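Notes to accompany the following structure.
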Amino acid sequence: MATRAKTVIVTGASQGIGAGVVRLFLERGYQVVANSRSLTKSGTFMASDHLALVDGDIGEARTAERIAETAVTRFGSIDGLVNNAGIFVSKPFTEYTRDDFTSLVSTNLEGFIYLSQLVIKRMLAQRTGGSIVTITTSLVTNPIKGFNASVAMVTKGGLDAITRSLAIEYAKDHIRVNAVAPGIVDTPMHKNNPKDFLRTFSPMGQIADVQDIAEAVLYLTEANQITGEVLHVDAGAHAGRW
């Protein structure tokens, strides 16, 4: 009997890590529901028998509802979620504004909560377990002098914390909850930053590429005995000073 293809949701899928994750999951035979604010307009992907596109702001509950509904209607199940959508605002602590904070909370925290709640409810109903993987950052455990991102870390650190909490809460249901914490990754976010400068943030003097992160996400999605893990893909930056 043929094995049913699994369905995974990927947010923030229009470019960078999210787009790389979508491509890798499709290559591995998954059915994918991809989301970003203007995914269709971006032209990054074309919808197909194995790929559904959902436009919308992940910080809005109705977007999460449409994503979950699309997964179930199109593919019949939700087996995995990759919470990749996120924004990053770097500035001195005293210069953060109310709008900065509101935007960070909306995308990074509300976007995580609304969709993860719906996904977990569906997984509980399916009784087949599942996987949630969230993209955070190595900076949560390894602040770097001169790289000011304290308020952004309130949200990213919160994601690390809720990853561990949910892993325990749903362990008996075989719903695994993990995170990937990248260091510097070669994405459009860093297109204007000199490569030599970026390498100084890596103990190995290397810049990760999108495939490095996507493969870590795939690994955690399929690693049946791993939950509550924050996997650092940062060339060792989280380990200490260099």
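Keep in mind that what you see is a predicted model, and the values were worked out from it rather than measured.
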Item to complete: Could you pull out all residues at least two apart from Glu60 that satisfy salt bridge (charged side-chain N to carboxylate O under 4.0 Å, His left out)?
Response: Arg62
Worksheet entry | Closest contact, heavy atoms only, Asn35 versus Val54 | ND2-O, 3.0 Å
Item to complete: For Ser77, enumerate each residue passing the side-chain contact (heavy atoms from CB on, under 4.5 Å) test, keeping only those at least two apart in sequence or located in another chain.
Response: Arg4, Thr7, Asp79, Gln126
Worksheet, complete the sentence: What one should report as the nearest heavy-atom pair of Ala47 and Leu53 is N-CD1, 3.8 Å
Response to the item:
Residue pairs passing the salt bridge (charged side-chain N to carboxylate O under 4.0 Å, His left out) test with at least one member in residues 128-138, sequence neighbours excluded, are none
Worksheet item: Between Thr107 (side chain) and Gly86 (backbone), is there a donor-acceptor pair under 3.5 Å?
Response: no
Worksheet, complete the sentence: Closest heavy-atom pair, Val22 versus Ala34, reported as atoms and distance to 0.1 Å, is CG2-CB, 4.1 Å
Item to complete: Taking all non-hydrogen atoms of both residues into account, name the closest pair between Ser42 and Leu39 and its distance.
Response: OG-O, 2.6 Å
Item to complete: For residues Asp234 and Gly183, report the shortest heavy-atom separation together with the two atoms involved.
Response: CB-N, 3.5 Å
Worksheet item: Do Asn84 and Val21 come close enough that some side-chain heavy atom pair is under 4.5 Å?
Response: no
Fill in: CG-OG1 distance between Leu231 and Thr136, expressed to the nearest 0.5 angstrom
9.5 Å
Worksheet item: With sequence neighbours left out, which residue pairs that include part of residues 4-52 fulfil the ring pair (Phe, Tyr, Trp, His ring centres under 6.0 Å) condition?
Response: Phe25-Tyr30
Worksheet item: Do any pairs count as a salt bridge (charged side-chain N to carboxylate O under 4.0 Å, His left out) and have a residue in residues 96-116, sequence neighbours left out, and if so which ones?
Response: Lys91-Asp100
Fill in: Ser138 side chain vs Pro182 backbone, donor-acceptor pair below 3.5 Å
no
Worksheet entry | Inter- and intrachain pairs under salt bridge (charged side-chain N to carboxylate O under 4.0 Å, His left out), touching residues 18-38, at least two apart | Arg37-Asp57
Worksheet item: What is the distance from atom CD1 of Ile78 to atom CG of Leu118, rounded to the nearest 0.5 Å?
Response: 7.5 Å
Worksheet entry | From CA spacing to verdict: side chain to side chain contact (heavy atoms under 4.5 Å, CB included), Ile175, Ile120 | CA-CA 8 Å; Ile175 298 172; Ile120 289 173; 4.2 Å; yes
Donor-acceptor pairs are to be reported for all side-chain atoms of residues 66-76 against protein atoms at under 3.5 Å, with residues two or more places apart or in another chain.
| residue | atom | partner | partner atom | Å |
| --- | --- | --- | --- | --- |
| Arg66 | NH1 | Asp55 | O | 3.2 |
| Arg66 | NH2 | Asp55 | O | 2.5 |
| Thr70 | OG1 | Arg66 | O | 2.7 |
| Thr73 | OG1 | Glu69 | O | 2.8 |
| Arg74 | NH2 | Ser48 | O | 2.9 |

Practice prompt. If a pair satisfies ring pair (Phe, Tyr, Trp, His ring centres under 6.0 Å) and one of its residues is in residues 206-237, list it, with sequence neighbours excluded.
Written response: His232-His238
Worksheet entry | Pairs where residues 95-122 contributes a residue and the test ring pair (Phe, Tyr, Trp, His ring centres under 6.0 Å) is met, not counting sequence neighbours | none
Fill in: Nearest heavy atoms of Ser14 and Ala19, plus distance in Å
C-CB, 4.2 Å
Worksheet item: For residues 197-216, which residue pairs qualify under salt bridge (charged side-chain N to carboxylate O under 4.0 Å, His left out), counting only residues two or more places apart or in two chains?
Response: Asp196-Arg199
Worksheet entry | Test side chain to side chain donor-acceptor pair (under 3.5 Å) applied to Ser116 - qualifying residues, sequence neighbours left out | Asn83
Fill in: side chain to side chain donor-acceptor pair (under 3.5 Å) partners of residues 164-180, not counting sequence neighbours, each pair once
none
